[in-house]
Amino acid sequence: MSFFKRKKKPENNRCGWFGDYKDWSELVALSGGYESDIILNKTRNSLLKIKNGEAVYERDSVLFNEKIYPYSVISALLYAAINCNNRLNVIDFGGSLGSTYYQVRDFIPSGLEVHWSVVEQKDYVNCGKTMFEDDFLKFHPTIANSMSNKKADILLLSGVVQYLEKPHEFLDELKKFDFKYILIDRTAFICDNNPDRLTLQIVPPEIYEAKYPSWFFNEKNFLKHFDNYEIKTEFASYVVSEQQINIDNSVQGYDKGFFLVRKP
């Protein structure tokens, strides 16, 4: 007997978000999950071109000819830096091989002291340390490991929480780190105050062949994890196509972000 249900079985040639699943582990078995050398290799190759000045902009492993800046994220980072004596100590959880760092570094003033720590899966950390790490960009396997190396002022969660098996447990665990700032970006929510929904995301084949589980959260319940923070601002995803998201071919979700400041 299956422990989950879905509204419709997606066809092999379709991409996007599908279904309403009830069991993460069976969905991983169906999709293969995120731990794929294909994804890592594509991301590595793209970001090496960014690092070496052979391309200008990468997002989700895809190269673009023109840079699109996440101005809401940049503004929040600079706000935090100014209030931390012109120092910016960032933990970028799920930050791939430094995608956001390379995206925003154009706006980091030369007088600002920057330390950017990416927390990622083991293979990404190994790759990052070998090919991308420098005096400013570091890679760590856990938040605790990164914090023991250098205490961060701000935690960045960009397009990552919806890909965790137990996102609410993760958000609860963040409380023990007592970050001064939390910056949430490109996070998926469900429309009409509906309950959390677990879907199957099928990546367009021109990017890479992959399927994986993807959550859409009830926004009000999501924000309950941050009752000791003030919402300084909230903002739509800078990726226009994510501002309304189709699930089973109708608009039922959206990506947005929040800049949270710890209450006194």
Between Glu120 (side chain) and Ser96 (backbone), is there a donor-acceptor pair under 3.5 Å? yes
With His140 via ring pair (Phe, Tyr, Trp, His ring centres under 6.0 Å) - residues at least two apart: none
Side chain of Lys224, backbone of Lys220: donor and acceptor closer than 3.5 Å? no
Over all heavy atoms of both residues, which pair between Ser146 and Ser117 is shortest? Give the atoms and the distance, please. OG-OG, 2.7 Å
Find the distance between CG (Leu171) and NZ (Lys166) and round it off to the nearest 0.5 Å. 14.0 Å
Looking at every non-hydrogen atom in both residues, tell me the closest pair between Ile39 and Ala210 and how far apart they are. CD1-CB, 4.3 Å
Taking Gln252 for its side chain and Asn246 for its backbone only, find out whether a donor-acceptor pair lies under 3.5 Å. no
What I'd like to find out is whether the side chain of Pro195 reaches to under 4.5 Å of the side chain of Ile190, using heavy atoms alone. no
Do any side-chain atoms of residues 74-88 form donor-acceptor pairs under 3.5 angstrom with protein atoms, and if so which ones, sequence neighbours left out?
| residue | atom | partner | partner atom | Å |
| --- | --- | --- | --- | --- |
| Ser75 | OG | Tyr71 | O | 2.8 |
| Tyr79 | OH | Lys232 | NZ | 3.4 |
| Asn83 | ND2 | Tyr79 | O | 2.8 |
| Arg87 | NE | Glu113 | OE1 | 3.3 |

Heavy-atom distance under 4.5 Å between the side chains of Leu63 and Ile50, does that happen here? yes
Determine the minimum heavy-atom distance between Asn89 and Lys150, stating which atoms define it. OD1-CD, 3.8 Å
Ion pair present between Arg262 and Glu230, side-chain N to carboxylate O less than 4.0 angstrom? no
Test side chain to side chain contact (heavy atoms under 4.5 Å, CB included) on Leu260 and Ile231; report intermediate values, then the result. CA-CA 5 Å; Leu260 308 174; Ile231 300 177; 3.6 Å; yes
Do you know which two heavy atoms are closest between Ala152 and Ile91, and how far apart they sit? CB-CG1, 3.5 Å
May I ask you to check whether Phe189 and Phe222 place their ring centers less than 6.0 Å from one another? yes
Output yes when Arg197 and Asp248 qualify as a salt bridge under the 4.0 Å nitrogen-oxygen rule, no when they do not. yes
Apply side chain to side chain contact (heavy atoms under 4.5 Å, CB included) to Ile143 and Phe177, showing your working. CA-CA 9 Å; Ile143 292 177; Phe177 297 106; 3.6 Å; yes
Close side-chain approach of Lys211 to Leu200, heavy-atom, < 4.5 Å: yes
Tell me, please, which residues at least two apart from Tyr101 pass ring pair (Phe, Tyr, Trp, His ring centres under 6.0 Å). Trp116
Short side-chain to backbone donor-acceptor contact, Thr187 and Ile184, under 3.5 Å: no
Enclosure of Gln243 CD (heavy-atom neighbours >12, cutoff 6.0 Å): yes
Do NZ/NE/NH1/NH2 and the carboxylate oxygens of Lys22 and Asp20 come within less than 4.0 Å? yes
Would you tell me whether Glu26 and Tyr21 have side-chain atoms, one donor and one acceptor, within less than 3.5 Å of each other? no
Is there a salt bridge (Lys or Arg N to Asp or Glu O under 4.0 Å) between Glu242 and Lys256? Walk through the geometry before answering. CA-CA 8 Å; Glu242 296 176 348; Lys256 70 179 297 186; over 6 Å; no
Shortest non-hydrogen contact from Val160 toward Gly94: CG2-CA, 3.8 Å
Please indicate whether Phe136 has more than 12 foreign heavy atoms, meaning atoms of other residues, nucleotides or ligands, lying under 6.0 Å from its CZ. no
With distance as the sole criterion, is a donor-acceptor pair present between the side chains of Gln162 and Arg186 under 3.5 Å? no
So, Asn218 and Asn193: side-chain donor and acceptor under 3.5 Å apart, yes or no? yes
Quick one: is the NZ or CZ of Lys51 closer than 6.0 Å to the six-membered ring centre of Phe132, and within 45° of its axis? yes
Please tell me whether His168 and Asp196 have a donor and an acceptor in their side chains that are separated by less than 3.5 angstrom. yes
Looking only at atom types and distance, does a side-chain atom of Asp23 sit under 3.5 Å from a main-chain N or O of Ser25, one as donor and one as acceptor? yes
Beyond-backbone contact of Tyr124 with Leu40, side-chain heavy atoms, under 4.5 angstrom: yes
Lys49, NZ atom: more than 12 neighbouring heavy atoms under 6.0 Å: no
Looking only at the side chains, is there a donor atom on one of Ser158 and Asp185 sitting less than 3.5 Å from an acceptor on the other? yes
Please check if the side chain of Trp215 supplies one atom and the backbone of Thr199 the other of a donor-acceptor pair under 3.5 Å. no
Rounded distance [0.5 Å steps], CG in Leu47 versus SG in Cys127: 9.0 Å
For Pro213 and Tyr163, the nearest pair of non-hydrogen atoms, with its separation, is O-CD2, 3.4 Å
Calculate, to the nearest 0.5 Å, the distance between atoms OG and CD1 belonging to Ser214 and Ile202 respectively. 11.5 Å
Can you find a heavy atom in the side chain of Tyr229 that is under 4.5 Å from one in the side chain of Phe179? yes
Is any NZ, NE, NH1 or NH2 atom of the basic residue among Lys175 and Asp172 found under 4.0 Å from an Asp or Glu carboxylate oxygen of the other? yes
pair Phe139-Asn126: side-chain heavy atoms closer than 4.5 Å: no
Note, Tyr102 side chain near Leu137 side chain (heavy atom, < 4.5 Å): yes
Establish, from distance only, whether the side-chain atoms of Tyr238 and Gln103 form a donor-acceptor pair under 3.5 Å. yes
Check: Leu174 and Leu155 side chains under 4.5 Å, non-hydrogen atoms: yes
